[in-house]
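Quick notes on the structure that follows.
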Amino acid sequence: MKIAVCLKQVPTRDWQPRLDETNTWIRESDASYEMNEPDAYALEEALRLKEKHSGEVVACSAGPGRVAQVLREALARGADRAIHVEHDGLASADAFVVAEALAAAMSEERFDIILTGLQSDDQGFGQTGVVLAERLGLPHATIIMEVAVQNLSVRVKRELEGGWFQWVTMPLPALLTIQSGINQLRYATLKGIMAAKKKEIRKVSPPSVSSRTQKIAGLYVPEKTKKTQLIDGPPAEAAKELVRQLREEARVI
Amino acid sequence: MILVIAEHRDGRLNRATWETITAAQQLAGDQPIAIVVAGSGVQSVAAELAAAQVQEIVTIDNPALAAYTPDGYTAALHQAIQQLSPSLVLLPHTYQTRDFAPKLAARMGRGLITDVTAIKGVGGERAFVRPMFQGKLTADVIPQGPEPHVVTFQIGAFRADQAVRGQSAAPVRTIDVTIDASSIRQRPEAPFQQARQSVDLSQAERIVAVGRGIKGQEHLGLAQQLAEALGAELGASRPICDAGWLPMERQVGSSGQTVAPKVYVALGISGAIQHLVGMKGSNVVVAINKDPDAPIFEIADYGIVGDLFEIVPALIAALKT
Ligand SMILES: Cc1cc2nc3c(=O)[nH]c(=O)nc-3n(C[C@H](O)[C@H](O)[C@H](O)COP(=O)(O)OP(=O)(O)OC[C@H]3O[C@@H](n4cnc5c(N)ncnc54)[C@H](O)[C@@H]3O)c2cc1C
Ligand SMILES: Nc1ncnc2c1ncn2[C@@H]1O[C@H](COP(=O)(O)O)[C@@H](O)[C@H]1O
């Protein structure tokens, strides 16, 4: 089975936002980066599918040169090869532009199954996978918590709101957007890291970066709306004061 | 014209649709609003929606839409949009919307702005306000390219009870679309709830919830001690349950439990919207977080900025006196 997984590189969780001089984007050079969280679960699911059904796992990422880091990480965890759609503008591009760039690079590969994360931790569109499926003419399902491949079809467990789920079956090839928690992640081993050095990252340029469908006119730190009563002081005193307020003012304990 | 796409399951209208109607009314100016309902046997949903002050309710009634599928909905709604030619298409940002709206927008070759929390003017243009970077930043986004533009609204951003009701029921009209049943590739089964187990957090009076700030499973005991000192149940954010440190039934948020205790103590939880929707009905929210800019402080009543590993033991001690 030929399996693809789309990986986005995003700023690390403890990154403190800094804006560039236009106030419409972040200072990319200031940030440190990691693999988008649900994408790590998508990668793990791809590796498990390969272990079960054999075949290969191809990691794909679109973005500037720096995103090769997440591809190397995927290769170290067990992906067989990688495709890097390289273009500086892709980090701040919208989901349509990114999906089109990925589609152009991925279409000729004729993957049996493509996994993406359900949402990116930076732009948070929640769109790229579904748009990619439409561009490649594939059926899709989103927010997936279990994948069972059976011959020429796949049966998946979709997460619905409030603890509800639903099984959906569709023919292969198909695209699935993976939810965090679908599996337990593995980490790269030293052996994996060494083996990754010999694996191929193929660089491709997007045919043309399509015109954007949305423009960020301003980016800013959200205004504070509600005033939390912040209690300061050394831990022991702050704790005492909090307990006093919860007992005497809020009367909830 | 502004088109609202209604959401329902088995003839039960999703309340979030009313929030989107409120947003549409605020955006409309003197433009008419229509609401479209797709499904099979949707007349009662249409009748319920007709209470809104809008120009009309448009139904698409087709057996191929009896169960929701992204292929079926995309085909049907694409035709509806072609017939109605709205300038804006609005939806609530639900899981179902996430499943088909990007496909619909892509098929039309139009932009889709998701998870919008507010609408404002920027330099004479209309901008849609949305969170980015996990809520650390907010963006004013202006759609580009030809209309219609497609926009989804974050749950809770607009109030359902502020939707203006009409003096008389809006007219309901059915439009015809052709759906080739064989072009629907997804075969859905009936939705189910995973069997409820030992705890029902929705009934808890007090909850101590742990987030990724707890760092390791071995530290859960500390949160457990605080919960015991408060007479509280233990809850968690999603990553804690994803990691298998606590069972799913203790997860609070959009994909977990919705809770409304007297007091909710959030330990090392950043306050992502998917978490907040599950607990913002709490009477009193206490947040302990080392980051003073964490979004949880937007909704907390009481807060201590600091290291939970110092503060929680101090709280346990203070509760014992
Ligand atoms: C479709 C969908 C559904 C989702 N459903 C849910 C859901 O139901 N429930 C849910 O919770 N999430 C859900 N999420 C995930 C959600 O978006 C967030 O990723 C998640 O809530 C973050 O969890 P967290 O706050 O524990 O972790 P983080 O966001 O990583 O925050 C950790 C916090 O701990 C603080 N911290 C770190 N160390 C310390 C310390 N020593 N002392 C004090 N504070 C410290 C940090 O400052 C930070 O604010 C969903 C996401 C999607 C896309
Ligand atoms: N630049 C990118 N390169 C590779 N995959 C991406 C990229 N952007 C988004 N994706 C994939 O699409 C998913 C959804 O992203 P988004 O639409 O930005 O929320 C992510 O979890 C990734 O799997």
Side-chain angles (χ1 to χ4, degrees), chain A residues 11 17 94-96 121-127 130-131 133-135 139-143 159-171 180-181 184 211-222 224-226 228-232 235-236 238-240 242-243 245-246 250 252-253, chain B residues 70-71 94-95 98-99 102-103 106-107 110-115 122 127 131-134 136-145 185-189 191-194 230 238 241-242 244 254-256 258 262-263 283-284 297-306 310-311 314-315 318-319:
Chain A
D94 66 50
F96 276 67
D121 284 345
D122 56 353
Q123 304 231 66
F125 297 121
Q127 301 181 36
V130 178
V131 177
E134 173 70 9
R135 288 290 172 261
H140 78 270
T142 53
I143 323 193
E159 182 179 296
L160 308 177
E161 278 118 341
W164 287 77
F165 296 91
Q166 175 181 43
W167 288 97
V168 180
T169 304
M170 73 201 97
S180 295
Q184 295 299 316
S211 55
R212 60 187 176 183
T213 60
Q214 48 192 286
K215 174 181 100 186
I216 300 176
L219 193 62
Y220 44 90
V221 175
K224 297 271 173 277
T225 47
K226 187 173 165 185
T228 303
Q229 190 161 332
L230 284 181
I231 300 168
D232 37 38
K240 260 194 208 135
L242 176 60
V243 169
Q245 298 217 15
L246 291 178
V252 288
I253 57 172
Chain B
D71 281 351
T94 59
Y95 286 25
R98 287 166 175 271
D99 197 53
K103 184 176 177 71
R107 183 150 312 167
R110 297 300 195 270
L112 167 61
I113 302 180
T114 49
D115 210 18
V122 173
M132 282 181 99
F133 298 94
Q134 299 266 51
K136 284 180 182 153
L137 294 171
T138 304
D140 297 338
V141 179
I142 300 174
Q144 306 288 296
R185 296 163 294 184
Q186 297 88 3
R187 295 274 167 268
E189 296 167 37
F192 63 95
Q193 237 176 339
Q194 230 128 2
L230 280 167
R238 177 159 191 134
C241 302
D242 284 349
S254 60
S255 47
T258 300
K262 283 205 292 199
V263 57
N283 198 356
V284 169
F297 288 121
E298 288 289 292
I299 67 145
D301 300 284
Y302 298 96
I304 299 181
V305 175
E310 293 175 10
I311 291 156
L315 271 176
L319 283 163

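These figures come from a predicted structure and were not determined experimentally. The chains referred to below are lettered A, B, ... by the order of the sequence lines, with proteins before strands, and numbering in each begins at 1.
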Return the [atom1] to [atom2] distance between [X] and [Y], rounded to the nearest 0.5 Å.
X: A:Leu230; Y: B:Ile304; atom1: CG; atom2: CD1; result: 9.5 Å
X: B:Lys103; Y: A:Arg135; atom1: NZ; atom2: CZ; result: 10.0 Å
X: B:Tyr302; Y: A:Thr228; atom1: OH; atom2: OG1; result: 11.0 Å
X: A:Ile216; Y: B:Met132; atom1: CD1; atom2: CE; result: 4.0 Å
X: B:Arg185; Y: A:His140; atom1: CZ; atom2: NE2; result: 9.0 Å
X: A:Leu160; Y: B:Gln193; atom1: CG; atom2: CD; result: 10.0 Å

So which heavy atom on B:Ala314 is nearest to which on A:Pro235, and how close?
->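 In this case the closest contact between B:Ala314 and A:Pro235 is CB-O, 3.7 Å.
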Which atom names give the shortest non-hydrogen contact between B:Ile113 and A:Gln214, and what distance separates them?
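B:Ile113 and A:Gln214 have their closest heavy atoms at CG1-OE1, 3.9 Å.
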Checking heavy atoms, do the side chain of [X], its backbone, both or neither come under 4.5 Å from chain B?
X: A:Ile143; answer: side chain
X: A:Asp232; answer: neither
X: A:Phe165; answer: both
X: A:Pro11; answer: side chain
X: A:Gln127; answer: both
X: A:Leu242; answer: side chain
X: A:Ala95; answer: neither

Measuring heavy-atom distances to chain A, does [X] have an atom under 4.5 Å in its side chain, in its backbone, in both, or in neither?
X: B:Ser255; answer: both
X: B:Val122; answer: side chain
X: B:Asp99; answer: both
X: B:Arg238; answer: side chain
X: B:Leu230; answer: side chain
X: B:Ala127; answer: neither

Next on the checklist: Is it the case that the side chain of A:Glu161 and the backbone of B:Tyr95 share a donor-acceptor pair, with hydrogens and angles ignored and the cut-off at 3.5 Å?
Outcome noted: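 Yes, A:Glu161 side chain to B:Tyr95 backbone: donor-acceptor pair under 3.5 Å.
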Would you mind reporting whether [Y] and [X] have side-chain heavy atoms less than 4.5 Å apart?
X: B:Lys262; Y: A:Ile253; value: no
X: A:Phe125; Y: B:Leu112; value: no
X: B:Leu315; Y: A:Val243; value: yes

Counting heavy-atom pairs closer than 4.5 Å to chain A, which one of [options] comes out on top?
options: B:Pro143, B:Gly111, B:Gly145, B:Ala300; result: B:Ala300
options: B:Gln134, B:Glu298, B:Arg107, B:Arg110; result: B:Glu298
options: B:Leu319, B:Asp115, B:Asn283; result: B:Leu319

Most contacts with chain B, counted as non-hydrogen pairs under 4.5 angstrom, among [options]:
options: A:Ser211, A:Ala250, A:Gly126; result: A:Ala250
options: A:Pro17, A:Ala238, A:Ala236; result: A:Pro17
options: A:Arg212, A:Gln245, A:Lys240; result: A:Gln245

Verdict with reasoning, A:Val221 to B:Leu137, per side chain to side chain contact (heavy atoms under 4.5 Å, CB included): CA-CA 5 Å; A:Val221 175; B:Leu137 294 171; 4.0 Å; yes
